[in-house]
There are 2 protein chains.
Amino acid sequence: MTTPMLTKNQTLVFDVLTKAESPLSAYTILDKLRDQGFRAPLQVYRALDKLLEYGVVHRLESINSFVACAHPDENCHSHGLVAFAICESCGQVIEFHDHEVDHRLMDWLKSQKFKAEKSTIEIRGHCAKCAA
Amino acid sequence: MTTPMLTKNQTLVFDVLTKAESPLSAYTILDKLRDQGFRAPLQVYRALDKLLEYGVVHRLESINSFVACAHPDENCHSHGLVAFAICESCGQVIEFHDHEVDHRLMDWLKSQKFKAEKSTIEIRGHCAKCAA
DNA sequence: TCGCACACGTTATAGCATAACGCAATTGAT
DNA sequence: ATCAATTGCGTTATGCTATAACGTGTGCGA
Ligand SMILES: [Zn+2]
Ligand SMILES: [Zn+2]
Ligand SMILES: [Zn+2]
Ligand SMILES: [Zn+2]
C-alpha cells in the first residue's frame, strides 16, 4: 500500500503516535489533541482507520492501543506477519518480524485451507530493563 | 495448573462456553444466564477470570470474546503457546499449537532478554467452508 | 451543472470492563 | 470456641472503548 498525502487530522494523530514512547489508546490521543481542536472520539478513530489501512500504524489488540510502525520503510508488512513484544512495566513495545514464524503459521493455515486476512501476534511480559 | 472444583457460577459460565459453537462475549454469556439468576456483568467476569486462570477457557483479544479450551486434556498450555484461527464468516475457531512457532518466538524473546508472560496469536480470515 | 466520493464535525448510543461496597460461608490458627 | 483471613457472591455505579446516524463542505469528473 502506497501512502497517500495525509489529511490534517491524520497528520495530527500520526504525529502524536510517532512522538509517543508507548502505545496510546484512542482516548488518550483525543486528550492530547484537544488543544488542536479535537472534540470527539470519532475524529481519532477515523484518522486511525486510515493510518491502519496505509500500514503506518498498528493496533495492539491485547491492550486496545495504537503505535506508529517501527519499520515504515521496509516492505515486510506486505508479505509477512508482524509481532510485538509489549512490556507491562514501562509500556515499551518492540515490533519485529520473523519469516520462519510466518511460514510456519502460513503452512499450517494452508493445510487447513484457512484464508488468513489479519493476524495478531502479541507477547506481553517484561523487557530487559524492567525484568532485572 | 490443576483445576479445582468449579463453583456454581463458574460451572454455569463454563457450560455455556462448552456448548457454544463460537466464541462468546461476556455480555452474551450474561444474557444466556439471566434465566439462571445472573444479573450483572461482574458475575460473568469473575467466573471468567477463574476459568482463564485454570486454563480451561481462552480469551480472544481481537474479538473481545471467550472460548472453552479445545484441548483441555493436553498439557500443551504449560509449555507452549496457543494460537487461534478465527473465521470471520461463521465465527468458528480452531485452536492449535505449533512447537516450531513457539521455539522460534521464544528464541527471539530470549535474544532480547524479554521475559514473556502472556501471549496472543490470533489469525482472522475465512475457514475452508466459508472461503469457498 | 450534476452526481459522487471523501473528509470532517457533532450528538447520541452501543459494547466492553472494573471500582467499591457489603454480606455470607469456609478455613485454619490461636 | 473464637477470631482473622480468604473466597465467592450480589448490587450499584462508573469508566473505558468503539460505532451509528445525521448533516456540512469541498473537490472533481461526467
Ligand atoms: Zn510495522
Ligand atoms: Zn519495560
Ligand atoms: Zn487451550
Ligand atoms: Zn467459516
Side-chain angles (χ1 to χ4, degrees), chain A residues 1-17 20 22-54 56-67 86 88 91 118 120 122 124, chain B residues 1-17 20 22-54 56-67 86 88 91 118 120 122 124:
Chain A
M1 159 94 38
T2 163
T3 306
M5 209 60 187
L6 298 184
T7 68
K8 178 161 166 285
N9 285 5
Q10 288 160 20
T11 304
L12 287 168
V13 169
F14 183 62
D15 285 351
V16 165
L17 283 176
S22 319
L24 301 177
S25 76
Y27 278 74
T28 302
I29 296 171
L30 173 58
D31 286 338
K32 287 181 182 293
L33 288 177
R34 287 198 188 278
D35 291 345
Q36 335 292 328
F38 272 49
R39 293 274 159 269
L42 256 196
Q43 296 176 280
V44 177
Y45 282 109
R46 288 204 272 231
L48 285 172
D49 282 347
K50 286 299 178 182
L51 296 171
L52 290 168
E53 182 184 330
Y54 303 153
V56 296
V57 160
H58 297 293
R59 175 192 174 86
L60 300 179
E61 308 279 359
S62 65
I63 56 175
N64 294 319
S65 295
F66 304 83
V67 282
I86 305 168
E88 295 189 314
K118 304 173 198 166
T120 300
E122 298 174 20
R124 279 146 356 265
Chain B
M1 159 93 38
T2 161
T3 306
M5 209 59 187
L6 297 184
T7 67
K8 177 160 166 286
N9 283 6
Q10 287 160 19
T11 304
L12 287 167
V13 170
F14 183 63
D15 285 351
V16 165
L17 283 176
S22 320
L24 301 177
S25 77
Y27 277 73
T28 302
I29 296 171
L30 173 59
D31 286 339
K32 287 181 182 292
L33 289 177
R34 287 198 188 279
D35 292 344
Q36 337 291 327
F38 272 47
R39 292 273 159 269
L42 258 196
Q43 296 176 280
V44 177
Y45 281 109
R46 289 205 272 231
L48 285 172
D49 282 346
K50 286 299 179 182
L51 296 171
L52 290 168
E53 182 184 329
Y54 303 152
V56 295
V57 159
H58 297 292
R59 175 189 174 86
L60 300 179
E61 307 279 359
S62 65
I63 56 174
N64 295 319
S65 295
F66 303 84
V67 280
I86 305 167
E88 295 188 313
K118 302 174 199 164
T120 298
E122 298 173 18
R124 277 144 359 264

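Sequence lines set the chain letters: A, B, ... in the order given, protein chains first and strands last, and positions in each chain run from 1.
- Rounded to an integer number of Å, the gap from CD1 of A:Ile63 to P of D:dC16 is 16 Å.
- Contact between the side-chain N/O atoms of A:Gln43 and the OP1/OP2 oxygens of C:dC8 is not found at any separation under 4.0 Å.
- The stretch residues 29-39 of chain A has no heavy atom under 4.0 angstrom from DNA chain D at all.
- Taking only side-chain nitrogens and oxygens, A:Ser25 never comes nearer than 4.0 Å to OP1 or OP2 of D:dC16.
- One distance of note links CG of B:Asp49 with OH of B:Tyr54; it measures 10.5 Å at 0.5 Å rounding.
- The side chain of B:Pro41 lies closest to C:dT18, out of C:dA7, D:dG10, C:dT18.
- When the nearest nucleotides of DNA chain C are assigned to B:Arg46 and B:Phe66 by heavy-atom distance, the more 5′-ward of the two goes with B:Phe66.
- Which of D:dT12, C:dA7, D:dA18 sits closest to the side chain of A:Thr7 comes down to C:dA7.
- Atom CE of B:Met5 and atom C1' of D:dG8 are 16 Å apart (whole Å).
- Rounded to whole Å, the distance from CG on B:Leu60 to C1' on C:dC16 is 15 Å.
- Checking D:dG10, D:dG8, C:dT10 against the side-chain heavy atoms of B:Asn9 singles out D:dG10 as nearest.
- One atom, CG of A:Leu24, and another, C1' of D:dA18, lie 17 Å apart when rounded to the nearest Å.
- Side-chain contact of B:Thr120 with A:Arg124: a donor-acceptor pair under 3.5 Å is present, judged by distance alone.
- Listed pair B:Asn64 / D:dA18 fails the phosphate criterion, with no side-chain N or O lying under 4.0 Å from OP1 or OP2.
- Taking atom CD of residue A:Glu61 and atom P of nucleotide D:dT17, one finds them 14 Å apart after rounding to whole Å.
- In this structure, the CG atom of A:Asp49 is 10 Å from the P atom of D:dA20, given to the nearest Å.
- One finds no side-chain N or O of B:Tyr45 lying less than 4.0 angstrom from the OP1 or OP2 phosphate oxygen of C:dT18.
- The base of D:dA18 sits within donor-acceptor range of the side chain of A:Tyr27, with an N or O pair under 3.5 Å.
- Dashed line: the shortest gap from a side-chain N or O of A:Lys8 to OP1 or OP2 of C:dA7 is not under 4.0 Å.
- Side-chain contact between B:Leu30 and B:Pro41: present, with at least one pair of heavy atoms (C-beta onward) separated by less than 4.5 Å.
- One atom, CG of A:Leu42, and another, P of D:dA20, lie 9 Å apart when rounded to the nearest Å.
- If you take CG of A:Leu51 and C1' of C:dA7, they are 13 Å apart, rounded to a whole angstrom.
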